[in-house]
2 protein chains.
Amino acid sequence: MNSDSCFRRKREPHVGPAAVTPINNKASSGGLPKTARGEATRKSILDAAERVIGSNGYSDASIGQITREAGVAQGTFYIYFKTKEQVFSELVLEMGRLVRHRIAEATANVPNRLDAEKAGLTAFLGFVQAHPDLYRIVQEALFVDPKAYRAYYESFANGYIDGLNTALRAGQISPGDPETRAWALMGVARALGEQLVVFNTKTPIQDLVETGFDLIANGLKP
Amino acid sequence: MNSDSCFRRKREPHVGPAAVTPINNKASSGGLPKTARGEATRKSILDAAERVIGSNGYSDASIGQITREAGVAQGTFYIYFKTKEQVFSELVLEMGRLVRHRIAEATANVPNRLDAEKAGLTAFLGFVQAHPDLYRIVQEALFVDPKAYRAYYESFANGYIDGLNTALRAGQISPGDPETRAWALMGVARALGEQLVVFNTKTPIQDLVETGFDLIANGLKP
DNA sequence: GTAAAACATGAATAGTGATTCATGTTTCAG
DNA sequence: CTGAAACATGAATCACTATTCATGTTTTAC
């Protein structure tokens with residue numbers, strides 16, 4: 001329940017002229033569009049939101065900017081989204097789907113877990129580099145929409161845990177609590193991704209993967 | 001250069017009545033206090049800011065809340081801090097000092113690097129659990145004060161890199177790029193800390209340390 | 001003791017931007 | 001064709017709160 005400073009408290013819900021009004025339930029406020037036109041408009045708003053929020057951050061991104069960027073009037077925004085927070089949440093969800101899909105794709109036909117770790121890390125870093133904005137968006141979700149933030153990482157973790165369990169049963173990795181390991185491994189990937197887009201390291205992705213993977217596979221022991 | 005939505009553009013600097021005005025340079029606006037009284041007031045504001053920002057987040061924390069919590073008038077805030085952003089930055093700095101100090105302390109007399117990793121991880125998780133607010137504060141710094149955010153992690157990393165280099169020379173760890181390793185290892189600690197205060201895991205700290213350390217030391221290889 | 005510096009107050013100012021709404025314009029089922 | 005639903009518009013509203021300032025009150029140096 002964060003939100004921008006202005007207009008925090010919702011205004012008293014405005015009751016229409018009377019029950020007489022035709023039940024104009026529109027696509028109204030958050031509803032999904034019912035025609036191709038609406039579909040297109042909604043998408044262009046969402047895309048604009050991605051760019052604007054991605055580069056300015058949530059608080060500094062204004063609905064005006066977003067709609068201008070999308071080429072629609074300001075009021076149009078509220079035909080498709082109930083609040084500013086809602087677009088943001090959808091952005092986070094969408095991004096989660098994209099990353100997971102990309103990693104699943106990259107690790108799909110890799111039968112060995114360690115190779116899968118390497119492939120997954122490579123795919124993740126490639127994705128981060130291609131979508132630096134989306135990376136920041138997820139980070140900010142912790143404050144704007146904690147639920148979405150948790151959902152993002154948890155659905156990520158679940159897949160990871162499954163993978164580790166399978167590998168464990170197949171004797172491909174040493175024993176160890178899969179849940180904690182999953183979070184730790186995600187932490188490695190996240191940190192290296194952050195190196196890329198937040199700290200702008202000069203280290204090439206390939207080297208990050210090399211060093212990161214060696215650590216994951218063999219640890220620090222001499 | 002983020003900031004809250006309200007009053008983004010600074011008002012035209014107000015020029016005093018004339019050059020006649022005594023150079024009342026006060027502790028004015030961001031200056032440090034010059035008496036014990038001032039010192040105490042400043043500290044109480046900073047402490048209040050920690051609590052308020054820690055639990056409400058930066059945007060939702062208002063100066064009014066902070067000063068109320070500190071038991072001073074709203075204007076008093078501006079005797080010690082130039083802007084809302086400034087208190088926040090100081091909070092981040094202060095927190096960085098605290099964590100690093102704690103970890104340095106915990107690893108000081110541990111001659112072996114692997115043992116030091118374990119001790120450091122334990123100390124870090126303990127700290128995080130004791131200061132869940134401060135943990136969130138650092139995360140939010142990425143958006144409110146990116147410079148402080150980077151400084152926080154970079155000074156952390158520097159110590160880490162030194163430690164790894166020393167250990168490498170002493171043959172206590174296997175070879176591998178210390179910089180990338182440092183970030184990856186910090187990523188593990190960060191992720192496990194997040195488990196604790198953001199995801200509220202039931203796993204006891206000791207188990208997190210056990211699993212995390214085993215991964216760091218030996219990797220996943222069977 | 002006293003002037004000046006420090007510190008404290010809190011009401012007033014003013015920028016901002018999310019959200020609404022009254023009013024069009026398009027689209028489409030029948 | 002035609003009326004209703006869907007979609008679009010953009011000016012107006014107005015809750016919020018960071019920051020300032022004119023005016024006290026305390027403390028300190030001498």
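To find a chain, count down the sequence lines: A is the first, B the second, and so on, and within it residues start at 1. This is a predicted model, so every value here is computed, not measured.
Remark: B/Thr41 is in phosphate contact with C/dA8, judged by side-chain N or O atoms under 4.0 Å from OP1 or OP2. Between B/Tyr80 and C/dA8, a side-chain N or O to OP1/OP2 separation shorter than 4.0 Å is present. A close approach under 4.0 Å does occur between a side-chain nitrogen or oxygen of A/Thr35 and OP1 or OP2 of D/dC7. OP1 or OP2 of C/dT19 has at least one side-chain nitrogen or oxygen of A/Tyr78 nearer than 4.0 Å.
Using a 4.0 Å heavy-atom cutoff across all strands shown, A/Ser62 reaches sugar-phosphate atoms only and no base atom. In this structure, A/Ala40 reaches neither bases nor backbone, as no heavy-atom distance under 4.0 Å exists between it and the strands shown. B/Ala36 comes within contact range of no nucleotide atom at all, as no heavy-atom separation falls under 4.0 Å.
Side-chain contact between A/Leu125 and A/Gln206: absent, with no pair of heavy atoms (C-beta onward) separated by less than 4.5 Å.
Atom CD1 of A/Ile79 and atom C1' of C/dA22 are 13 Å apart (whole Å). One atom, CZ of A/Phe81, and another, P of D/dA8, lie 12 Å apart when rounded to the nearest Å. Atom CZ of B/Arg42 is separated from atom P of C/dC7 by 11 Å (rounded to the nearest Å). Per the geometry, CG belonging to A/Asp60 stands 10 Å off P belonging to C/dA18, to the nearest Å. Protein atom CD1 of B/Ile53 is 14 Å distant from nucleotide atom C1' of D/dT17, rounded to whole Å. Protein atom CZ of B/Arg37 is 11 Å distant from nucleotide atom C1' of C/dT9, rounded to whole Å. Atom CD of B/Gln74 is separated from atom C1' of C/dT13 by 13 Å (rounded to the nearest Å). One atom, CD1 of B/Ile63, and another, P of D/dT20, lie 11 Å apart when rounded to the nearest Å.
No side-chain donor-acceptor contact under 3.5 Å links B/Gln195 and A/Tyr153. Checked by atom type, the side-chain pair A/Asp177/B/Thr211 shows no donor-acceptor distance below 3.5 Å.
In this structure, the nucleotide among D/dT9, C/dT9, D/dT19 sitting nearest to the side chain of A/Ala73 is D/dT9.
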Check the pair A/Phe127 / A/His131 against ring pair (Phe, Tyr, Trp, His ring centres under 6.0 Å), numbers first and verdict last. CA-CA 6 Å; A/Phe127 184 92; A/His131 303 262; 4.3 Å; yes
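Ring planes of B/Phe199 and A/Trp183: tilted class, angle from 30 to 60°.
Summary of the strand contacts: B/Gly38 and B/Gly75 both lie near DNA chain C, and taking for each the nucleotide with the nearest heavy atom, the more 5' one is attributed to B/Gly38.
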